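Data block below; observations after.
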Amino acid sequence: MFSLELKQIFNNIGSHLPIEHSFDMSNYEVNGANPIKKPVKVTGEVNNKAGIVGLAVQAQVEYSSECDRCAAPVIKVFNIPIKHILVTELNDKNNSDFTVVPSMRLDLEELVAEEISLYLPTKFLCNEDCKGICTFCGKNLNEDSCSCKKPIDPRLEVLQQLLDK
Ligand SMILES: [Zn+2]
Ligand SMILES: [Zn+2]
């Protein structure tokens, strides 16, 4: 746990606190794998503009996984912008525009980890045009083509049977 002490920021209009922090998310699990092997880098600041305290950081995440179509290893770097208005208390608990920081301390890692989990896509491809693997012969179609016949759509098969009669 890494918490930012923000009393000075809340109490001083125009003040700011630079943030440069790295932390480990190697235990973060997606489908039984741990795709975030390198530390997550967080840079930015918390500032007080005219009495409004805002967090504006960018989280850099290197994500290693396998292509969902061809299983080739894929490494992608995401730069995730994270912006929050911080308040010490909130009357309306259903208002999600603000992040409450009780006692003016913010658990930065918890907040950033949550944002990352919301931001990351659920499917990863080595390439948008990945041709995948032939389901019949198992060839990686990005490297080689195969002569397997395309499966017939079951709906078309029914039509074919009707025509044959
Ligand atoms: Zn692929
Ligand atoms: Zn094939």
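Because only heavy atoms are used, hydrogens play no part in the values below, and waters and symmetry mates are left out as well, while side chains stay in. These numbers come from a predicted model, not from an experiment. Note that ligands are numbered from 1 as they come in the structure, with each ligand's atoms numbered from 1 the same way.
- For E89 against V100, the heavy-atom pair with the smallest separation is CA-CG1, 4.1 Å.
- Using a 4.5 Å cut-off on side-chain heavy atoms (C-beta onward), I36 and I116 make contact.
- F2 and H21 have parallel rings, their planes meeting at less than 30° on a 0 to 90° scale where 60° marks the start of perpendicular.
- Within the sub-2.8 Å shell of the Zn ion (ligand 1), the protein contributes these N/O/S atoms: C67 SG, C70 SG, C126 SG, C130 SG.
- Ring geometry for F124 against Y63 counts as parallel: the plane angle stays under 30°, on a 0 to 90° scale with 60° as the upper cut.
- Considering the Zn ion (ligand 2) as centre, the angle to SG of C134 and to SG of C146 is 110° (10° rounding).
- Contact check for I82 versus Y119: no side-chain heavy atoms found under the 4.5 Å cut-off.
- Hydrophobic clustering of Ile, Leu, Val, Met, Phe, Trp and Tyr side chains at less than 4.5 Å, counting indirect connections, keeps L141 apart from V74.
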